[in-house]
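Chain identifiers are assigned alphabetically (A, B, ...) following the order of the sequence lines, protein sequences preceding nucleic acid strands; residue numbering begins at 1 within each chain. Bear in mind the structure is a predicted one, so any value in this text is a computation, not a measurement.
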There are 2 protein chains.
Amino acid sequence: MNKISTRAQIIQHADQLFYQQGFENTSFADIAGMVKISRGNFYHHFKSKDEILKAVIELRLANTQNMLDKWQTSTDNPTKRIECFIKILITNWSKIKYYGCPVGTLTSELAKLNHSLQANANELFSLFRNWLAAQFELMGQVKKADAFAMHILARSQGVATLGNSFRDENFVKQEVEQMCDWLNSLKKQQG
Amino acid sequence: MNKISTRAQIIQHADQLFYQQGFENTSFADIAGMVKISRGNFYHHFKSKDEILKAVIELRLANTQNMLDKWQTSTDNPTKRIECFIKILITNWSKIKYYGCPVGTLTSELAKLNHSLQANANELFSLFRNWLAAQFELMGQVKKADAFAMHILARSQGVATLGNSFRDENFVKQEVEQMCDWLNSLKKQQG
DNA sequence: AGTAAATTAGGACAATTGTCCTAATGAGTC
DNA sequence: GACTCATTAGGACAATTGTCCTAATTTACT
């Protein structure tokens, strides 16, 4: 039957709900309703709500790594790889429009809760940061690689937040284009 | 005695707590503890928690307008005015470091809650957006004024989110400098 | 001083929260 | 078929939530 384990189902639905409703605002009852199990059953799989969050972050880290790996094999051109990253804003626009960036909104929420898993969530940013920096290095921007990575990360983050707030797809498209222009202007400077 | 009214005190402390802990995560008990009044007393001043949020947003709108007005009178140079905006990231760094941008984090949270006051919170962004656009117009950038306003708004927002996540002041300073450089390069293009 | 209104404290209220316990059911092994 | 262990359902639990009610107190005005 190849049935998905209950544990995996809990993580999967929690991932979705934490993104759409926020972590604090998502209750056990919400997740139980989605997975269609009883509330008491949770504690056989997870000791606490925080453990679910931990598992969700680990899932997101794995999914993100998979995505980065795919981009890595899809082309040898580091500039094109970075463009893949920039264009997630458009690829995932239908979700970003309503729920913002899954990484940024989570880290922001955990910061306000002063939650013990802040560092884990920040790893999601670090994953992108390090991968982007590696691409910039391949472009020959060894010295500025990390600064450029943070720059692109920040701009994407801001576009997601503003795009979510104003629900304006054209704005997102324009900013994506500008970021790609900036990226390609670096190549020329270098070559 | 010139005592601050209870209502004003509630709004003031709620403003602070909503920023530091988030709206949903701040309870009546939290606010009551700060103002030092009984919980039941709230409903003489506000019909519901949402009404407090509404009042808090109105307070923030008023405070923001005051800040913009001050910048407006502090100099005739629109470029310098925009620099004032960009540099809030540094001015308010000690708070942003721990709680992020008060506007961005609120709109993001309300989006996830699908809250009825989303539009009110977004007005905070609009206030900055329109003021920035007016400054860009004064700089002679009539056609691109709004796009530039959104651009600066988005970049500031992203820097606040990443700055909050990584707690990195140097990154913030670098990005602020780059934004100012970009701003001043526009002036040269024009003149 | 006396009266009316505004303000306050304190607690009741049902609903929901995360957590935990126990008994029943399931599957797989000998 | 009997036994073991994993999984599940259902409910108990105290704590907290936003909301509302009532009685007491304070304030303001005649």
Expressed in angstrom and rounded to an integer, what is the separation of [X] atom [atom1] from [N] atom [atom2]?
| X | N | atom1 | atom2 | answer |
| --- | --- | --- | --- | --- |
| A:Ile37 | D:dT8 | CD1 | P | 7 Å |
| A:Ile31 | C:dT19 | CD1 | C1' | 14 Å |
| B:Lys36 | C:dA9 | NZ | P | 12 Å |
| B:Asn25 | D:dT17 | CG | P | 9 Å |
| B:Ile10 | C:dT8 | CD1 | C1' | 11 Å |
| B:Phe28 | D:dC20 | CZ | C1' | 11 Å |
| A:Asp30 | C:dT17 | CG | P | 6 Å |
| B:Gln9 | C:dT8 | CD | P | 9 Å |

With respect to the phosphate group of [N], does any side-chain polar atom (N or O) of [X] fall under 4.0 Å of OP1 or OP2?
| X | N | value |
| --- | --- | --- |
| B:Tyr43 | D:dT19 | yes |
| B:Asn41 | C:dA9 | yes |
| A:His45 | D:dT8 | yes |
| A:Thr6 | D:dT7 | no |
| B:Ser27 | D:dT16 | no |

*State which residue, out of B:Thr105, B:Thr26, B:Asn164, fulfils the side chain to side chain donor-acceptor pair (under 3.5 Å) condition with A:Lys112.*
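Single pass found, and it is B:Thr105.
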_Is it the case that the ring center of B:Phe28 lies less than 6.0 angstrom away from the ring center of B:Tyr43?_
yes
*Using only heavy-atom distances, determine whether the side chains of A:Gln72 and A:Gln135 contain a donor-acceptor pair under 3.5 Å.*
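Yes, a side-chain donor-acceptor pair sits under 3.5 Å.
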*Do any of residues 49-57 of chain A sit with a heavy atom less than 4.0 Å from DNA chain D, and if so which?*
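Residues of residues 49-57 of chain A that come under 4.0 Å of DNA chain D do not exist, since none gets that close.
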*asked:* Both conditions, 6.0 Å and 45 degrees, for the charged tip of B:Arg129 above the ring of A:Phe166: are they met here?
replied: yes
*What pairs meet the ring-ring contact (aromatic ring centres under 6.0 Å, His included) rule with one or both residues in residues 59-91 of chain B, with sequence neighbours excluded?*
B:Trp71-B:Trp131, B:Phe85-B:Phe128
_Determine whether a donor-acceptor pair (one donor, one acceptor, N or O, separation below 3.5 Å) exists between the side chain of A:Arg39 and the base of C:dG18._
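Per atom types, the contact qualifies.
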*Can you establish whether the number of heavy atoms outside A:Lys49 located under 6.0 Å from its atom NZ is more than 12?*
yes
*Does the pair A:Glu109 and B:Asn25 meet the rule for a side-chain hydrogen bond (donor to acceptor under 3.5 Å, both in side chains), with working shown?*
CA-CA 10 Å; A:Glu109 184 181 0; B:Asn25 192 46; over 6 Å; no
